[in-house]
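Read through the structure below, which is laid out as structure tokens, and then see the notes.
Values in this document were obtained by computation on a predicted structure and should not be read as measured data. Numbers here simply count residues along the sequence, with the first being 1.
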Amino acid sequence: MTIRVIIVDDQAMVRAGFAALLSAQSDIDVVGEAPDGRQGIEVSRNVHPDVVLMDVRMPEMDGLAAARELLNPPVGAVHRPKVLMLTTFDVDDYVYEALRAGASGFLLKDAPPADLISAVRVVAAGEALLAPSVTRRLIADFARQRRGGSGVGGRSNAVALRLNGLTPRETEVLELIARGLSNQEIAGRLVLAEQTVKTHIGRVLAKLDLRDRAQAVIFAYESGLVTPGE
């Protein structure tokens, strides 16, 4: 099945370079481009891509605002693509907020071409792009800044109740997700079948009302389940 992609970036050379690279792949089809977030939303709603490569900093409408609109569409709009944020900065407040809004991850613009191709495939498959250590550092840094002091141990009552709804095994899986382990690594750590790990992750997302792995990582940090720097 071909992955439909649009590229939203204010630099024409970046759009052209990414488009040429991705279009050369037999399983990826670049179906649109846009120079800013506002036009990116319009293109996305017209062509219904599977993945939107979204630059963070753009004129007219930045990538964060555009990602929020795409990931929280108005009533009646049924299409919601996966959003992969592109940035030149390895730590960026906009990127963190985009992850909270439901973006599937982020990629540095100077990443090797193979990483871009892989990222599109990973995100299209429904996974979050959280493997690079820079992503874990970004989430940990901003979670530490934002975590409030309400509730026991800095954890709000509402968050505590949500965590209490998990079984001990599900809580353990959530913690390992937040530490950046892959499904295969979690399976090895807990001596479980990889399919069993996937089942646990699905239940964690459903119980916590989270869209994907990216939001699970953020929830784990913000709830205090995982402490940055541990």
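Shown here for Arg189 and Leu181, the closest heavy-atom pair between the two residues is NH2-CD2, 3.8 Å. Heavy atoms only, all atoms of each residue included: Met85 and Leu64 are closest at CE-N, 4.3 Å. Scanning all heavy atoms of the two residues, the minimum distance from Ile177 to Ile186 falls at CG1-CD1, 3.9 Å. Contact detail for Ala19 and Glu33: the closest heavy-atom pair is CB-OE2, 3.7 Å. In terms of heavy atoms, Glu69 sits closest to Met61 at OE2-CE, 3.6 Å. The heavy-atom pair separating Leu71 from Arg80 by the smallest distance is O-CD, 2.9 Å.
Between the OG atom of Ser182 and the CG atom of Leu176 there is a distance of 10.5 Å, given to the nearest 0.5 Å. Once rounded to the nearest 0.5 Å, the distance linking CD of Glu194 with CD of Glu185 reads 10.0 Å. In this structure, CZ in Arg213 is found 4.0 Å from CD1 in Ile201, a value given to the nearest 0.5 Å. Atoms CG and CZ, on Leu210 and Phe219 in that order, are 6.5 Å from each other to the nearest 0.5 Å. Interatomic distance, CG of Leu116 versus CG of Asp110, reported as 12.0 Å (0.5 Å rounding). Here CG of Asn46 is found 11.5 Å from CD of Gln39. Values are rounded to the nearest 0.5 Å.
Shown are Leu192, Val197, Thr199; of these, the side chain to side chain contact (heavy atoms under 4.5 Å, CB included) with Gln195 is made only by Thr199.
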If you apply the rule side-chain contact (heavy atoms from CB on, under 4.5 Å), what do you find for Val56 with Phe106, and how did you get there? CA-CA 10 Å; Val56 172; Phe106 84 98; over 6 Å; no
Please assess Arg169 against His200 for the test side-chain contact (heavy atoms from CB on, under 4.5 Å), listing each intermediate value before the final yes or no. CA-CA 8 Å; Arg169 178 63 87 190; His200 283 310; 3.4 Å; yes
Verdict with supporting geometry, Val120 and Ile28, side-chain contact (heavy atoms from CB on, under 4.5 Å): CA-CA 9 Å; Val120 168; Ile28 299 175; 4.0 Å; yes
Can Met54 and Leu84 be said to form a side-chain contact (heavy atoms from CB on, under 4.5 Å), step by step? CA-CA 6 Å; Met54 181 78 73; Leu84 178 61; over 6 Å; no
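With contacts defined as side-chain heavy-atom distances shorter than 4.5 Å, the pair Val52/Val43 does not qualify. Contact check for Lys207 versus Glu170: side-chain heavy atoms found under the 4.5 Å cut-off. Annotation: side chain of Pro35 is in contact with side chain of Arg15 (closest heavy-atom distance under 4.5 Å). In this structure, the side chains of Leu22 and Ile117 come closer than 4.5 Å at one or more pairs of heavy atoms. Leu174 places a side-chain heavy atom less than 4.5 Å from the side chain of Leu163. Contact annotation: the side chain of Leu53 approaches that of Val5 to within less than 4.5 Å [non-hydrogen atoms, C-beta and beyond]. The side-chain heavy atoms of Asn183 and Lys198, taken from C-beta on, include a pair separated by under 4.5 Å. Side-chain contact check for Lys82 versus Pro49: every heavy-atom pair is 4.5 Å or farther apart.
Note on Arg57 versus Asp10: no salt bridge recorded, every NZ/NE/NH1/NH2 to OD/OE distance being 4.0 Å or above. With respect to the salt-bridge test (charged N to carboxylate O, under 4.0 angstrom), the residues Arg121 and Asp27 qualify. Note on Asp55 versus Lys109: salt bridge recorded, some NZ/NE/NH1/NH2 to OD/OE distance being below 4.0 Å.
Of the possible donor and acceptor atoms, none in the side chain of Glu175 sits under 3.5 Å from a partner among the backbone N and O of Glu172. Listed for the Thr171 side chain is a donor-acceptor partner under 3.5 Å among the backbone atoms of Thr167. Between the side chain of Gln25 and the main chain of Leu21, a donor-acceptor pair closer than 3.5 Å is present. A donor-acceptor distance shorter than 3.5 angstrom exists from the side chain of Ser223 to the backbone of Ala220, with no hydrogens or angles considered. Using a distance-only test at 3.5 Å, with no hydrogens or angles considered, no donor-acceptor pair links the side chain of Asp50 to the main chain of Ile3. Formation of a donor-acceptor pair under 3.5 Å by the Asn72 side chain with backbone atoms of Arg68 is found in this model.
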